[in-house]
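Below: one structure, written as structure tokens.
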Number of protein chains: 2
Amino acid sequence: MRLAELSERSGVSTATIKYYLRERLLPPGRRVTATQAEYDEEHLRRLRLVRALIQVGRIPVSTARDVVAAVEDDSRDQLSRLGIAVEALPHGPEPDESAPSTAVARRTATELLRRLDWHFNLEIADSSPAFGMLVTAIAALHRLDYACDLPHLLPYARQAAQLAVVDLDLVEEFGTPAEQVEAAVALTVLYEPVLLSLRRLAEAEESNRRFGSDS
Amino acid sequence: MRLAELSERSGVSTATIKYYLRERLLPPGRRVTATQAEYDEEHLRRLRLVRALIQVGRIPVSTARDVVAAVEDDSRDQLSRLGIAVEALPHGPEPDESAPSTAVARRTATELLRRLDWHFNLEIADSSPAFGMLVTAIAALHRLDYACDLPHLLPYARQAAQLAVVDLDLVEEFGTPAEQVEAAVALTVLYEPVLLSLRRLAEAEESNRRFGSDS
């Protein structure tokens with residue numbers, strides 16, 4: 001398809017598509033004349049991922065480029081492409097290694113993964129941005145003297161494990177490994193606000209049950 | 001206690017405490033001389049909440065002021081103080097009412113709450129920022145043509161309901177209603193990165209189980 005059709009089918013303006021092409025967020029079209037290129041279903045799919053990252057996830061263009069590069073890297077198998085793409089997503093502030101609370105938090109987080117029997121994560125923990133994000137979050141709770149020990153974290157982690165099953169079931173609905181990697185990254189980003197809003201609504205419901213005047 | 005002790009015990013610099021006092025994020029101390037004021041445990045506790053909101057949650061000062069005002073509002077009962085304080089937290093972009101995907105998403109979100117039998121939320125849904133956040137998130141998934149129907153959302157919402165039970169159990173560990181309201185708001189903010197990082201770690205674990213070479 002031509003640029004105009006790609007724009008119409010994706011709902012993204014031709015100017016924005018040209019910008020994404022320049023920024024290497026989309027692979028170049030197949031050149032047919034000096035001024036025209038041909039695009040295909042892969043471009044349409046990639047646009048969907050890029051919009052999820054940039055328009056919904058508000059991820060910087062340079063970060064989105066790293067994510068897309070990992071998704072496209074044919075030299076790796078599906079699992080490591082997926083891992084690298086998700087790791088390229090923003091993870092908030094890194095742990096402050098000079099703070100004593102970080103050392104405590106790192107021990108708590110490591111013990112948590114051990115108790116969950118998450119082998120994979122324990123091996124890669126030190127280099128994993130998601131593990132760093134967890135350490136930062138636990139350190140903040142410690143520093144402010146809010147309870148954040150294993151009995152509080154384990155139920156959270158068990159719920160997260162069940163969410164991951166739901167997430168991966170959805171990913172496996174996609175046909176090819178390439179589509180699955182794209183979907184896994186997009187859904188990681190797109191379902192975060194779903195999860196956070198549902199938690200707040202559930203908290204309101206649970207608060208009403210416990211503290212409401214008709215309870 | 002004097003300002004210097006409040007600073008030492010809270011780990012917040014006197015300059016920052018003075019700034020928070022000026023911005024009405026902390027109630028004024030009890031004036032003892034023309035230049036000295038006395039602070040108490042309530043100031044220490046409030047500082048903890050303010051740091052959770054501003055330093056960890058990166059919430060703007062004006063928003064934090066609204067949250068604190070709701071927490072302090074003695075004219076309301078605990079449940080409505082809690083609800084108003086959490087509603088004052090940032091909730092991301094509001095639904096774009098001009099987009100057709102928003103109307104679809106609003107129907108999906110309403111049906112979801114109905115199926116969960118969350119009465120409280122169904123009544124307040126239209127004015128709830130958390131409901132708006134959910135509608136925005138579902139609309140984004142619809143617009144990008146990713147599956148986001150009831151069979152996908154229900155397991156998420158059920159996990160959220162279980163997380164809310166864990167959250168409220170933790171809140172009820174605090175002694176007084178005033179402390180509980182403060183803790184509920186702080187923990188809503190502080191546990192969000194815990195949850196998101198655990199979900200990413202769980203996804204890596206689950207991906208490894210399904211796509212790993214030794215699976």
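Reminder, nothing fancy here: chain letters follow the sequence lines and each chain counts from 1. No hydrogens, no waters, no symmetry mates; every other heavy atom, side chains included, goes into these values.
- Annotation: maximal heavy-atom pairing with chain A below 4.5 Å, among B/V86, B/I138, B/D145, occurs at B/D145.
- For A/E97 and A/R106, the salt-bridge test passes: some basic side-chain N is under 4.0 Å from an acidic carboxylate O.
- Ranked by non-hydrogen atom pairs under 4.5 Å with chain A, the options B/Q159, B/M133, B/E206 are led by B/Q159.
- Residue with the most contacts toward chain A among B/V56, B/L82, B/V165: B/V165 (heavy-atom pairs, distance under 4.5 Å).
- Salt-bridge formation is detected for the pair B/R114/B/E111: a Lys NZ or Arg NE/NH1/NH2 atom is positioned less than 4.0 Å from an Asp or Glu carboxylate oxygen.
- Ion pairing between B/E41 and B/R9 holds under the 4.0 Å rule for side-chain N and carboxylate O.
- A heavy-atom distance below 4.5 Å is found between the side chains of A/Y39 and A/L21.
- With a threshold of 4.5 angstrom between heavy atoms, A/Q180 approaches chain B through side-chain atoms but not through N, CA, C or O.
- Of the listed residues (B/V166, B/D167, B/L134, B/L163), the one with the most heavy-atom contacts under 4.5 Å to chain A is B/D167.
- Ion pair A/R200/B/E192 flagged as a salt bridge, since at least one NZ, NE, NH1 or NH2 atom sits closer than 4.0 Å to an Asp/Glu carboxylate oxygen.
- Both the backbone and the side chain of B/L190 come within less than 4.5 Å of a heavy atom of chain A.
- Only the side chain of B/E172 has a heavy atom closer than 4.5 Å to any heavy atom of chain A.
- For chain A, no part of B/L47 is nearby; none of its heavy atoms comes within less than 4.5 Å.
- Ranked by heavy-atom pairs under 4.5 Å with chain A, the first of B/L49, B/L112, B/L141 is B/L141.
- Heavy-atom distances place no part of B/P129 under 4.5 Å from chain A, backbone and side chain included.
- For B/R158, no part lies under 4.5 angstrom from a heavy atom of chain A.
- Between chain A and the options B/V171, B/T136, B/L89, B/L116, the largest number of non-hydrogen pairs under 4.5 Å is found for B/L89.
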